[in-house]
Amino acid sequence: MLVCGLWGNQLSRARVGVLLSGRGSNFLALAEACRRGEVPAEIVLVISNRPEAPGLGKAQELGIPAVAIPSKGLPREEHEGLLLAALRKAQVDWVCLAGYMRLLSPSFVAAFPNRILNIHPALLPAFPGLDAQKQAWEYGVKVSGCTVHLVDAGCDSGPIVVQRVVAVRDDDTAETLAARILEQEHIAYPQALRLLLTRPWRIEGRRVVFALGA
Ligand code: GAR
């Protein structure tokens with residue numbers, strides 16, 4: 001399958017909606033890269049499915065519209081309908097998942113075809129799902145890292161845009177490894193969004209391919 005994903009060199013800044021569930025450090029890394037002009041995008045809305053998520057407060061401090069749309073007790077379809085309505089109202093072009101701890105349904109993914117990005121704290125396809133850093137540490141891998149990928153209907157399974165590698169040290173704990181991976185996440189996420197917004201690209205099979213010399 002060849003999906004043409006030409007988007008590059010656009011004149012206006014892309015409008016990005018961020019979905020998160022917790023701390024929000026990847027959201028902050030994206031927001032700062034946009035503010036510095038390194039990524040031609042503007043975060044126009046932050047949504048958390050958990051009202052207590054610290055990421056919401058961080059967005060408000062930056063003056064970025066931030067709302068809680070609680071998922072608890074709601075059927076997935078109904079919750080995602082509320083998310084979609086908010087994202088459409090904000091005229092979002094791209095959705096960035098930044099520690100959003102819920103699987104998206106195929107119909108949500110289809111609403112933003114190849115326009116949803118996720119960051120995962122492991123070198124996919126190894127260690128998908130929850131607690132990826134701990135999974136990798138317990139397995140005994142010598143390198144791990146992070147992956148930014150386009151979201152498809154699977155779990156952490158979409159085409160890969162950027163990966164960054166982190167060496168595992170003998171004296172690492174799952175926590176020290178996670179901290180070094182997080183530093184790389186904060187580089188990888190803006191890097192991936194910048195690439196997708198500034199370079200012509202397409203999807204060949206599972207591969208995200210950027211035009212040479214562009
Ligand atoms: C990050 O490590 C991110 O990669 C991970 O959650 C953390 C969120 O931190 N996401 C996943 O595990 C998704 N499968 P943050 O709220 O500080 O950005």
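As the structure is a prediction and not an experimental result, all values here were calculated from the model. In each ligand, atom 1 is the first atom listed, and ligand 1 is the first ligand listed. Numbers here are sequence positions counted from 1.
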Test item: [X] and [Y] side chains (from C-beta on) under 4.5 Å apart, heavy atoms:
X: Y100; Y: V95; result: no
X: S144; Y: I181; result: yes
X: L195; Y: L197; result: no

I'd like to know if the side chain of [X] reaches the main chain of [Y], judged simply by a donor and an acceptor atom lying under 3.5 Å from each other, with no hydrogens or angles considered.
X: Q163; Y: L124; value: yes
X: D93; Y: A14; value: no
X: T176; Y: D172; value: no
X: S21; Y: M101; value: yes

Could you tell me if any non-hydrogen atom of D156 lies under 4.0 Å from any atom of ligand 1? yes

Could you establish whether A132 and ligand 1 come within less than 4.0 Å of each other, counting only heavy atoms on the residue side? no

Ligand 1 atoms in contact with S25 (distance to a heavy atom under 4.0 Å): 15 (P), 16 (O), 17 (O), 18 (O)

Looking only at distance, does G24 have an N or O less than 3.5 Å from an N or O of ligand 1? yes

Would you say ligand 1 has an N or O under 3.5 Å from any N or O of Y100? no

Note the single closest protein heavy atom to [atom], along with its residue, its atom name and the distance in Å.
atom: atom 14 (N) of ligand 1; result: H120 ND1, 3.1 Å
atom: atom 5 (C) of ligand 1; result: P121 CD, 3.8 Å
atom: atom 9 (O) of ligand 1; result: R23 NH2, 3.1 Å
atom: atom 13 (C) of ligand 1; result: I119 O, 3.8 Å
atom: atom 3 (C) of ligand 1; result: E185 OE1, 3.3 Å
atom: atom 6 (O) of ligand 1; result: M101 CE, 3.4 Å
atom: atom 8 (C) of ligand 1; result: G99 CA, 3.6 Å

What I want to find out is whether E32 reaches R35 closely enough, with some N-O distance under 4.0 Å, to be called a salt bridge. no

